[in-house]
Amino acid sequence: IEVQAGPVLYLALEDTPRRLKSRMGKLLGDRPAPKGLTLATQCPPLPQGGDEAIARWLEAHPDARMVVIDVFAKMRGISPPGMSAYDADYAAIGRAKRLADHYGIAMVLVHHVRKAGAEDFLEMVSGTNGLAGAADETMVLKRARGQADGALFVTGRDVDEAEYALSFQAESGAWKLLDGPATDHAIGDTRASILRWLRGNGPAAPKAVAEGSGLKYDNVKRTCQRMLADGQLSCDAGGRYAVPGGSS
């Protein structure tokens, strides 16, 4: 995607200079770091002078395009006494948003998700709904532990809600866009394999799915039954499974 290039401030508040140097080497290889990139590992919380510090950097770089705060918990500061959790979260994001709006730049706030899963991806954001409510856009990256593939869920005021399937490239430290629905990559390997095979081969009984996908028959049979109960598959009178709305 072509974008307007410009200076970027990256506040890596959970990293050390040594770790950043290692990551830059993985990302760039033998290429030099961009001249417009400013890295910092320390910054005071926004209410305690952090917003002024960022504003000074932006004033010194009038053609700046983006500021990244990683992680936002290090910058949000202590909530005012007596304020509700929702209002405190909304105010914390609002403080960063005012900087973004005033200087016309993208302010990316890296934030944690809850350990517990949720049906609505916005509920995975750690904290109250005030965080997503104040932000112009929310993106949640979901990846099962031990899996390379994941799904990026996006929603916001100025973007269409969308889901993207991604794969992490360990050798380069980058994410690659994958073909197919994001749901295939946000679930277990067995379910994803069954979905992909059925999309390409049409309705089939568990035995055919097992032979075609290389999975064990008993595992396929049990998983198909569970996927049927979860609404991920449909089943006809002949015992053939299919992806709802998919190939037939």
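Residue numbers start at 1 and run along the sequence shown.
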**OP:** I would like to know whether Arg65 and Val3 meet side chain to side chain contact (heavy atoms under 4.5 Å, CB included); could you show each step before the answer?
**Re:** CA-CA 10 Å; Arg65 303 301 300 144; Val3 298; over 6 Å; no
Subject >> Intermediate values then yes/no, side chain to side chain contact (heavy atoms under 4.5 Å, CB included), Val67 and Leu58 >> reply: CA-CA 9 Å; Val67 174; Leu58 290 168; 4.0 Å; yes
Subject >> side chain to side chain contact (heavy atoms under 4.5 Å, CB included) between Val140 and Val125, worked out >> reply: CA-CA 8 Å; Val140 175; Val125 178; 4.0 Å; yes
**OP:** Take Val68 and Val110 through the side chain to side chain contact (heavy atoms under 4.5 Å, CB included) test and state the conclusion after the steps.
**Re:** CA-CA 7 Å; Val68 182; Val110 181; 4.2 Å; yes
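The environment of Asp136 atom CG is dense: over 12 non-hydrogen atoms of other residues, nucleotides or ligands sit within 6.0 angstrom. Enclosure of atom CD in Glu2 is not indicated, since only 12 or fewer non-hydrogen atoms of other residues, nucleotides or ligands lie within 6.0 angstrom. Heavy atoms from other residues, nucleotides or ligands lying under 6.0 Å from CE of Met139 number 12 at most. The number of heavy atoms from other shown groups lying within 6.0 Å of CG (Asp63) is above 12. The number of heavy atoms from other shown groups lying within 6.0 Å of CZ (Arg157) is above 12.
Salt-bridge annotation for Asp101 and Lys97: present, with a side-chain N of the basic residue lying under 4.0 Å from a carboxylate O of the acidic one. Taking the charged nitrogens against the carboxylate oxygens, Arg98 and Asp51 have no contact shorter than 4.0 Å, which rules out a salt bridge.
Between the side chain of Arg23 and the backbone N or O of Gly173 there is no donor-acceptor pair closer than 3.5 Å. Of the possible donor and acceptor atoms, none in the side chain of Asp230 sits under 3.5 Å from a partner among the backbone N and O of Gln232.
Put simply, the side chain of Phe72 reaches to within 4.5 Å of the side chain of Leu46, judged on heavy atoms. Contact check for Cys224 versus Leu228: no side-chain heavy atoms found under the 4.5 Å cut-off. Proximity of Val154 to Val159: side-chain heavy atoms (C-beta onward) are separated by under 4.5 Å at one or more points. In this structure, the side chains of Leu141 and Trp175 come closer than 4.5 Å at one or more pairs of heavy atoms. With a 4.5 Å cut-off on side-chain heavy atoms, Leu195 and Met227 count as touching. Residues His61 and Leu9 are not in side-chain contact: their nearest non-hydrogen atoms beyond the backbone lie 4.5 Å or more apart. Counting heavy atoms from C-beta outward, Leu233 and Val243 have side chains that approach closer than 4.5 Å. Annotation: side chain of Glu137 is not in contact with side chain of Asp158 (no heavy-atom distance under 4.5 Å).
Nearest approach of Ala55 to Tyr103, heavy atoms of both residues: CB-OH, 3.5 Å. Contact detail for Arg76 and Ser79: the closest heavy-atom pair is NH2-OG, 3.9 Å. Residues Pro62 and Glu59 come closest through the heavy atom pair CD-O, 3.8 Å. The nearest pair of heavy atoms linking Ala64 to Trp57 is CB-CZ3, 3.6 Å. Nearest heavy atoms, Leu28 versus Pro34: CD1-CD, 4.2 Å. Across all their heavy atoms, Val220 and Pro206 have their closest contact at CG1-O, 3.6 Å.
Arg226 contributes atom CZ, which lies 9.5 Å from atom OG1 of Thr190 (distance to the nearest 0.5 angstrom). Taking CG of Leu198 as the start and CZ of Arg240 as the end, the distance is 11.0 Å to the nearest 0.5 Å. How far CE of Met75 is from CZ of Arg95: 10.0 Å, rounded to the nearest 0.5 Å. The CG atom of Leu166 lies 14.0 Å from the NZ atom of Lys142; values are rounded to the nearest 0.5 Å. The line from CD of Glu171 to NZ of Lys26 is 8.5 Å long, rounded to the nearest 0.5 Å. Between Asn201 atom CG and Arg196 atom CZ the span is 12.5 Å, to the nearest 0.5 Å.
Hydrophobic clustering (ILVMFWY, side-chain heavy atoms < 4.5 Å, transitive): Ile93 and Leu13 are in one cluster. In this structure, Tyr90 is not a member of the same hydrophobic cluster as Met107, with clusters built from ILVMFWY side-chain heavy atoms closer than 4.5 Å. Val8 and Val108 fall within the same hydrophobic cluster, defined by Ile, Leu, Val, Met, Phe, Trp and Tyr side-chain heavy atoms under 4.5 Å apart, directly or through other members.
Looking at Asp70, Ile69, Thr138 one by one, the single match for side-chain contact (heavy atoms from CB on, under 4.5 Å) with Leu109 turns out to be Ile69.
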